[in-house]
Amino acid sequence: MNLAIFPLPVYLLPGGITRLRIFEQRYLKMVKEAASGDGFVISLHREGNEFNISDWGSWVHIIDFQHGDDGLLYIDVQCQDLVRIGTVERDQDKLLHGDVQVCEHWPVQQANDDTQLLGEELNKFFDANPTYASLYPDPDFGSPVWVCGRWLELIPINYEKKRCFIHPDSFSKAINFLSTVIIEKT
Amino acid sequence: MTQAGTILLQNQKSGLHNKVMTNDNNHQQLAAWLADVANNRDKAAFTGLFRFFAPKIQRIAHQQFSNESQASEVVQETMSNVWRKAHLYSPEKGAPTTWVYTIMRNVSFDMLRKMKSRKEDNFSEDIWPLVEADNVETEVYPDHLQQNQILAYLDKLPENQKQVVKGFYFLEMSQEQLARHLNLPLGTVKSRLRLALGKLKQQLTEQDMGERDD
Amino acid sequence: MIKHHPETKLLQSFSAGELPVSLSAAISIHVEMCPVCQQRCEEFTEQKAEQYFESAHVDDLAEPIQIDSNLLAMIDNITDDPTQAHVVEPTLNSVAVKGDEYQLPRALRSMSVGRFAGIGKVSRARIDLDEGEIHTSLLQIQPGGMIPEHTHKGFELTLLLDGEFSDDMGTYYPGDFIWLDGRHQHNPKTEQGCLCLTVVSDALHFTQGFGKLLNPFGSLLY
C-alpha cells in the first residue's frame, strides 16, 4: 500500500483522534487525496534518514472536518492502525509518499483494578477538558486498550520513550508505566 | 526540511500563554536578542535588550528605593544577570519580559534585605529559583523534545504562517497539567515519571536487548 | 491533598517580592508543592511584568528613547565579562532531631538553623533571619504531642513540612499553609509526629490587617 506521509510530532495509537489544521498547499492536496481514498500516515519527524521521518507511523482516516473562523481547514483524524514505513519518495509537490505495511498492535485485554482506575482517571480528565473530550463522541473507558492508548498519547514523555509502546507485546509495560505515574503505586 | 501546516489540538494551557504567544511583537525581538546573547555573546543584541529594559528598570527601582545610586545598582545587577544567564531563558516558559522581571525582582529583594538587616545572604534564588529544577533535569529527562521540534519547525516557517501556528498547542499534556489533573505537586509528578521511566528502561534492557530493529 | 493555601493578596505580594524573607520562604515552599498556587503565582508574576515593561505608556522598541550616558557606560562594563552563569543543582540541607532526619526544602537551604531544644514532645530550632518582631522556627513534634499555641497578637503561620496533624477543623497534610490571627482557636494534635515551619509575629500593628503589611516594600516589616 502506498500512502501520503505527513511528518508531524504527533503520537497516535489505534483509536486515537487529533485535530489538525491544514494550510500548506501540498498538505491540502494530501487531504483531498485522503478524503477520497485510504487516508494518510502521520509519522514522527526524525533527523537522520533522507526524508527525516521515522520508520513507523500512524495510519489515519479523516473522520470530520470544518473551516475555522480563520478560513483554514481543520480536520479530525483517527488512527486505524500503526504501520511500518518502507521506501519513501517525494513527489513534484514535495509531498512524501511511502510504501507501508500494517503492524499489529495490542490484542484485546482483560480489565483489572489498574485498568479500571486508569479508566476512571481518564474519565475525569475528559470531564475537565471538554475541548479534548469533544474529539471523542464515543469514549470507551471500559476498554483497557483504549484507555491506555489515550493515556500514552497524553502523557508528557518524549517520543523515543513512547516508541516502545508500539509493539504488540508492550501492553504490560504500558500498564506498569501508567500505573506508576497516574496511580499511586510503587 | 520545512514542516508547515501543523496543528495540533489546542490544549487547556492557561490563557496567559496565549496572550504571551500572540500579543506582543516585542517578545519575538527580545527573545531573539536573548538567544543571540546566549549563543553568540552578541554585544549588539545585548545593547538592544539594554535599551529596552534599563530605563524601565531604572524608573521602577527609583520609585522603590528613592535613591539614584541604588536604582543604578539594580539596573547594573539585573542587566548583568541577563548577560550571564541568557542561556537559561527558555521561550516555552514565558515571555522574555517576565523572565527579566523575575531577575529584577530577585535583585531588588536581596538588595532590600541587605539594606534592612545588613545581611548579604541572597535568599532570592532559593525562594524563586530562576532555573527550575527541571532545567537541571533536562539531561536526564528531555520531555520537551516535542515542543523543541515544533519550535524548530516554527523557526523555518514564513512569518505569516508562524503567527498562525503559534496559537496552537500540543495534544500532549504538559507536566504542569498532569500535576494539576492529579492534584499533586509538580515535583511528585516529575519523580513519578522518572520512576516509571526507570522501570521501563530496566524492563527493556532485561527483555528486549537487541530485539528492537531501530 | 493540600487544602490550605495562602490567600490571594499574599500570593500577589510574594510574586512581587514584597514580603519579608520568612514569609517569602514559607510561600515558596507551599508553591513548590501546590500546582494551583504555582499557576496563580506565575500569572501574578506575568501581570506584574506586563505592568512594568509593557503597559501603554511604556516605550516601544520602535521608538528608541534617550538613555543617559551613565547607563550606556554600563553596557561595556557588563559585556566585558565573557563568562556565563554556571548552573548547579542546589544541595539541600537536612536537620536531625530526636533521631529523625528531615531534608529541608530548597527555600531554606541557605538559612542558618539553630540547635533544636525542647520540652516533652515539642522541639524547636530558630532560623536566624534577623527580622525583628518576626520569628521563624522549625518545630518538631513527636507522635502524640500537641502543637503549642501562640498568643496570636499578631499573626502565626504554620506550614506543615512533614507528617500530619489535626484539629477540630480536620487533618492537615504536608504543604498545608495555615495562617492564624487573633480570631482563631485551635488545638492541633499530631498522632504520627510532624515537622513544621512557623513564622510568628508578636507585633501589635499586624492585627490591623494586611493593608500595611502588603505595601510594596513597606518599611514596616524590616
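From a predicted model like this one, the values you see are computed outputs, not experimental measurements. Naming: A, B, ... by sequence-line order, numbering from 1 per chain.
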Of the backbone (N, CA, C, O) and the side chain (C-beta and beyond), which part of [X] lies under 4.5 Å from a heavy atom of chain C, both, or neither?
X: B:I127; result: both
X: B:T102; result: side chain
X: B:M115; result: neither
X: B:Q63; result: neither
X: B:V82; result: neither

Inset, instruction - Would you mind telling me which of C:M74, C:Q38, C:M33 has the largest number of heavy-atom pairs within less than 4.5 Å of chain B? - result: C:M74

Legend entry - chain B interface, residue from C:V31, C:T45, C:I27 that has the most non-hydrogen pairs under 4.5 Å: C:T45

Legend entry - Pair B:E125 + B:K85, salt bridge at N-O below 4.0 Å: yes

Inset, instruction - Answer yes or no: is there an ion pair linking B:D36 with B:R41, defined by an N-O contact shorter than 4.0 Å? - result: no

Legend entry - Beyond-backbone contact of B:W128 with C:F14, side-chain heavy atoms, under 4.5 angstrom: yes

Legend entry - Distance-only polar pair, side chains of C:E54 and B:H27, donor-acceptor under 3.5 Å: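 Indeed, the side chains of C:E54 and B:H27 share at least one donor-acceptor pair under 3.5 Å.
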
Legend entry - Axial cation check for B:F52 ring with B:K56, 6.0 Å and 45° limits: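 Yes, a cation-pi geometry holds between B:K56 and B:F52.
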
Inset, instruction - Report the distance from atom CG of B:L193 to atom CG of B:L200, rounding to the nearest 0.5 Å. - result: 11.5 Å

Legend entry - Contacting region of C:D76 [heavy-atom separation from chain B under 4.5 Å]: both

